[in-house]
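Report on one structure; see the data block that follows.
Keep in mind that the numbers below use all heavy atoms, side chains included, and drop hydrogens, waters and symmetry copies. Below, read A as the first sequence line, B as the second, and so on, with proteins coming before strands; counting in each chain starts at 1. Remember, it's a predicted structure, so these values are computed and weren't measured experimentally.
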2 protein chains.
Amino acid sequence: MTERDAEGQALDLRLIRVMRNMASALFGSLERDIDSYGLSAETFQILELLYNKGPHPIQKISDKFSIPSGSITYVVDKLEKKGYVERLPIPGDRRKTNVTLTGEGRSYFDNIFPKHAQTISDNLSFATDEEKLELIAVLKKIGYGISDRQGKGNENENRSDPLS
Amino acid sequence: MTERDAEGQALDLRLIRVMRNMASALFGSLERDIDSYGLSAETFQILELLYNKGPHPIQKISDKFSIPSGSITYVVDKLEKKGYVERLPIPGDRRKTNVTLTGEGRSYFDNIFPKHAQTISDNLSFATDEEKLELIAVLKKIGYGISDRQGKGNENENRSDPLS
DNA sequence: TTAGGATATTAATTCGTCAAGATACAAAAA
DNA sequence: TTTTTGTATCTTGACGAATTAATATCCTAA
């Protein structure tokens, strides 16, 4: 990789520091919000996935969120104990298990999601819509760049739902 | 807090998703780099602090990085066992303990920091300098906004080294 | 059939946090 | 003064959360 001159490097270090602080303030705030619903950021995202895209095999969830295979059982167990999801066998392949939202899980998410979305908007209210569009464009470019450079084995991934 | 219309809300959700994915790609990449030096993101940042700003009392470090008081002992222990830092009493207050870089810690950091800085530049190379400056401005604004709203008890913090 | 891989769980372990405790300082009361 | 009360600092030990490595079951293709 090409080396940067001292000045450019200093700019990069400044940017990474601002990013770290912003991320810590923003995601910290969102995590506290999610915590108030009795969930973790991780379990919230899993519920969100099931809510928006229906049942998923355990392994898909594990992949999507980079949760180790040994941990995903533990995580799904917790959600199952709370009554928000259930495990269902997948016909045709008895190795797989589908995770699906229960009625209770759905209505709980119906309840908390709008609140959380409002918290997100509150936290992002310090930028204008124009700035937000600019952020989306640039941050996407960076995220893509990094993921593509790494993912030398994932070329066939869903590019219509980028970075998802 | 004022509520957003559906369209604005959708923009916010888009932005937060892009931010999450970007952060996970970027910080994941940086963490893997740091991991290759046998450190965690947290311990790396502590070494960086001691390197740039000299010895710090344990409690300052604990505060700065929001590490619980029970955990900071554990973290400093690990760095001490590796020989990178040592604990020294602070004259005048026997409750406090200073954490300082050892010679070994300093030369180790001398060695790894330039490598890590290069990794940072590599990961940020997908944005132009102009875009980076724009990012710094907007992300700072968001980070400030969130921190200031929360920190109703921290008005007296160091604003010349913002969000640090 | 059999060999190899995919999927999920279990058990052991590691990691980090919390609550409680030990010590020291500082300020107010006696 | 000295005593008391409250607070700050750090560590300890018990605990829970999350990961790893090993295991059980199942599928696919040679």
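A straight line from CD1 of B:Ile67 to P of D:dT11 spans 13 Å, rounded to a whole angstrom. Between B:Leu39 atom CG and C:dC15 atom C1' the separation is 16 Å, expressed in whole Å. In this structure, the CG atom of A:Asp63 is 11 Å from the C1' atom of C:dA6, given to the nearest Å. As rounded to whole Å, 18 Å separates atom C1' of C:dA19 from atom CD1 of B:Ile72. Rounded to an integer number of Å, the gap from NE2 of A:His56 to P of C:dA8 is 13 Å.
At distances below 3.5 Å, not a single donor-acceptor pair connects side-chain atoms of A:Ser62 with backbone N or O atoms of A:Ile58.
Ring pair A:Tyr84/A:Tyr108 is parallel by interplanar angle, where below 30° counts as parallel and above 60° as perpendicular.
No side-chain heavy atom of B:Phe65 sits less than 4.5 Å from a side-chain heavy atom of B:Val75. When side chains are defined from C-beta on, B:Pro57 counts as touching B:Ile90, because their heavy atoms get closer than 4.5 Å.
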| query | For A:Leu139 and B:Leu135, what are the C-alpha separation, side-chain angles and deciding distance, and is it a side chain to side chain contact (heavy atoms under 4.5 Å, CB included)? | reply | CA-CA 9 Å; A:Leu139 296 182; B:Leu135 279 184; 3.9 Å; yes
| request: Carefully, step by step, assess A:Leu11 and B:Leu124 under the rule side chain to side chain contact (heavy atoms under 4.5 Å, CB included). | output: CA-CA 10 Å; A:Leu11 175 61; B:Leu124 295 180; over 6 Å; no
| said: Show, in sequence, the C-alpha distance, side-chain angles and deciding distance for A:Ile142 and A:Met19, and conclude whether the side chain to side chain contact (heavy atoms under 4.5 Å, CB included) test is met. | reply: CA-CA 12 Å; A:Ile142 296 176; A:Met19 279 178 162; 4.2 Å; yes
Could you write out each protein N or O paired with an N or O of nucleotides 3-10 of chain D at a distance under 3.5 Å?
residue : atom : partner : partner atom : Å
D:dA8   : O4'  : B:Arg95 : NH1          : 3.4
D:dT9   : OP2  : B:Gln59 : OE1          : 2.6
D:dT9   : O3'  : B:Arg95 : O            : 3.4
D:dC10  : OP1  : B:Thr97 : N            : 2.8
D:dC10  : OP1  : B:Thr97 : O            : 3.4
D:dC10  : OP2  : B:Gln59 : N            : 2.6

N/O contacts under 3.5 Å, protein versus nucleotides 14-18 of chain D?
residue : atom : partner : partner atom : Å
D:dA18  : OP2  : A:Tyr74 : OH           : 3.4
D:dA18  : OP2  : A:Lys78 : NZ           : 3.0

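Partners of B:Phe126 according to the side-chain contact (heavy atoms from CB on, under 4.5 Å) rule, which considers only residues two or more places apart in sequence or in another chain, are A:Ile146, A:Arg149.
Contact annotation: A:Arg94 does not reach the phosphate of C:dT7 (side-chain N/O to OP1 or OP2, under 4.0 Å).
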